[in-house]
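Notes follow the structure.
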Amino acid sequence: MKTLFASLITLLALAWGWDIARTPADPNVHALWLGRQQLLYLSGLLSVAMLSLAMFLATRPVWLEAPLGGMDRIYRSHKWAGILAAGLAALHWLVEMSGDILKAMIGRQGRVPDEVFTGWLDVLRDLAEDMGEWAIYALLAMLVITLWKQFPYRPWRFLHRAMPVLYLMLAFHAALLAPTAYWAQPVGALLAVLLAAGVYGALHTLLGRIGKARESRGEIIAVAPLAPDVTTVVCRLGPGWRGHRPGQFAFVSFDDQEGAHPFTMASADQGDHTVSFQIKALGDYTRSLPQRLRPGQSVRVEGPYGRFDMGRRQRRARQIWIAGGIGVTPFLAWLASLQAAPDKAPAAELHYCTRDQASDAFVPRLRALCATLPTVRLHLHDARQGAKLTAAALGVSGKTEIWFCGPTGLANALRQGLAALGWRPRFHQEAFEMR
């Protein structure tokens with residue numbers, strides 16, 4: 001994500017700098033007015049670029065999973081691109097408002113001359129300026145409710161649907177108000193590509209086309225409580241289902257009004273178009289599923305997505321697998337997929353962190369699966385008994401690869417602990433968040 005953002009910002013900064021270098025200096029323009037104008041252009045360019053990136057990533061481009069590390073990381077990049085876009089839009093607005101301060105300090109003399117337009121183009125530019133201002137206010141409001149985690153998901157999702165419209169307003173603003181000279185230079189070409197990508201994403205979203213090519217319809221064939229806060233849902237999908245690799249996730253829609261939610265598939269692919277999900281009650285929606293779901297109900301499953309795939313492991317690296325709570329689901333799929341050929345299972349240390357192993361419904365399942373895989377050693381860490389997993393307990397040495405799925409706090413603690421011990425192993429972690 002950092003590399004993607006840094007590359008895009010660098011490209012735009014270089015293109016913006018190229019325009020400055022090729023534009024002759026006007027001796028009648030005051031340096032402060034010129035600096036304000038260029039900062040206005042740069043902040044606008046960067047804001048539109050980040051928002052264009054966010055809109056394009058929202059289309060779930062599968063071809064970017066490999067370079068970006070999975071659909072979970074694509075969505076994280078989408079989220080932070082939107083946040084950065086809103087922050088840069090706020091900067092853009094503040095720079096625009098700074099004109100009154102400069103008037104008070106140095107007066108109107110030395111201002112950058114405005115480009116002169118006539119007819120419909122002048123009218124459209126005035127409209128674009130107004131639309132951009134309204135869209136920035138709405139974008140900042142969306143930023144506030146997105147960062148406010150207590151804001152309910154359902155109204156947030158409803159408001160989030162306005163983002164493609166806000167983007168089109170800002171794209172219109174950028175295209176009409178960008179300096180005319182830009183369109184004959186690299187900065188204009190780059191802006192045009194970004195706007196095209198963003199408009200594609202916005203229209204794709206408004207037309208409801210996201211994920212349609214990877215969507216399969218089916219029905220629920222079983223709903224069973226696995227624990228008081230975990231429900232097993234088994235679905236049989238239609239012939240359009242592509243199958244999945246152990247550890248992948250899908251966007252599942254049980255209710256068209258609620259929309260799709262991401263769940264990891266807890267079952268190995270058996271070629272019969274059947275998938276199983278272990279769904280933990282983490283919010284109002286997931287808590288209501290045991291009462292709302294019944295066998296025979298229709299379901300839409302979009303996917304599969306993700307790169308939390310055992311097949312990507314480094315063959316010569318020591319394998320450490322770490323699961324916390326519901327994060328055990330991809331490992332259940334891994335272990336299930338190895339049952340057909342136990343002799344081909346890799347040597348691995350599987351650490352499962354649980355609040356209370358005596359009442360944890362996943363523990364018997366893990367024990368049964370690992371019992372047939374002699375090369376996979378299961379370690380249980382029972383918080384109720386004070387058995388907390390630490391970096392030192394992992395015994396990292398030499399070439400080690402860690403696969404982690406669980407609470408972010410635990411992942412951060414382990415990363416920091418390993419760094420303190422002088423180890424920086426390859427660390428795979430699912431990073432999916434809807435907001």
Next item on the list: Would you name the heavy atoms of Ala174 and Val48 that are closest together and state the gap between them?
Entry: CB-CG2, 3.7 Å

Checklist line | Heavy-atom side-chain contact between Val230 and Ile279 under 4.5 Å | finding: no

Check: Under a 4.5 Å cut-off applied to non-hydrogen side-chain atoms, are Arg318 and Ser397 in contact?
Finding: yes

Note to self: Any carboxylate oxygen within less than 4.0 angstrom of a Lys/Arg side-chain nitrogen, looking at Glu302 and Arg214?
What the structure shows: no

Check: Short question: side chain of Ser43, backbone of Leu88 - any donor-acceptor pair under 3.5 Å?
Finding: no

Next item on the list: Any chance you could measure His351, atom NE2, to Arg377, atom CZ, to the nearest 0.5 Å?
Entry: 8.5 Å

Notebook entry, point to check: ring-ring contact (aromatic ring centres under 6.0 Å, His included) with Trp321: which of Phe404, Trp334, Tyr352, Phe427?
Noted result: Trp334

Notebook entry, point to check: More than 12 non-hydrogen atoms from neighbouring residues, nucleotides or ligands closer than 6.0 Å to CZ on Arg384, yes or no?
Noted result: no

Checklist line | Close side-chain approach of Val187 to Trp18, heavy-atom, < 4.5 Å | finding: no

Notebook entry, point to check: With a 4.5 Å limit on heavy-atom distance, are the side chains of Val396 and Leu421 in contact?
Noted result: no

Next item on the list: For Arg236, look at atom CZ and say whether over 12 heavy atoms of other residues, nucleotides or ligands are found less than 6.0 Å away.
Entry: no

Margin query: So Val275 and Trp241, do their side chains get closer than 4.5 Å, heavy atoms only?
Written below: yes

Check: With a 4.5 Å limit on heavy-atom distance, are the side chains of Leu194 and Phe56 in contact?
Finding: no

Next item on the list: Indicate yes or no: does Arg73 engage Glu65 in a salt bridge with an N to O separation below 4.0 Å.
Entry: no

Margin query: For a 4.5 angstrom cut-off between non-hydrogen side-chain atoms, does Met50 reach Phe5?
Written below: yes

Note to self: How long is the straight-line distance from OG1 of Thr180 back to CG of Leu121, given to the nearest 0.5 Å?
What the structure shows: 7.5 Å

Item checked: Atom pair CG (Asp72) and CZ (Arg76), whose distance is rounded to the nearest 0.5 Å -> 7.5 Å

Notebook entry, point to check: Out of curiosity, Glu96 CD to His92 NE2, how far, rounded to the nearest 0.5 Å?
Noted result: 6.5 Å

Next item on the list: Decide yes or no for Leu191 and Trp183: does some side-chain heavy atom of the first lie under 4.5 Å from some side-chain heavy atom of the second?
Entry: yes

Item checked: Residue that, paired with Glu401, satisfies side chain to side chain donor-acceptor pair (under 3.5 Å) out of Arg313, Gln319, Arg316, Gln314 -> Gln319

Check: Can you list the steps and then say if Ile210 with Thr205 is a side chain to side chain contact (heavy atoms under 4.5 Å, CB included)?
Finding: CA-CA 6 Å; Ile210 293 178; Thr205 304; 3.4 Å; yes

Check: In terms of side-chain geometry, is the basic nitrogen of Asp360 or Arg355 positioned less than 4.0 Å from the acidic oxygen of its partner?
Finding: no

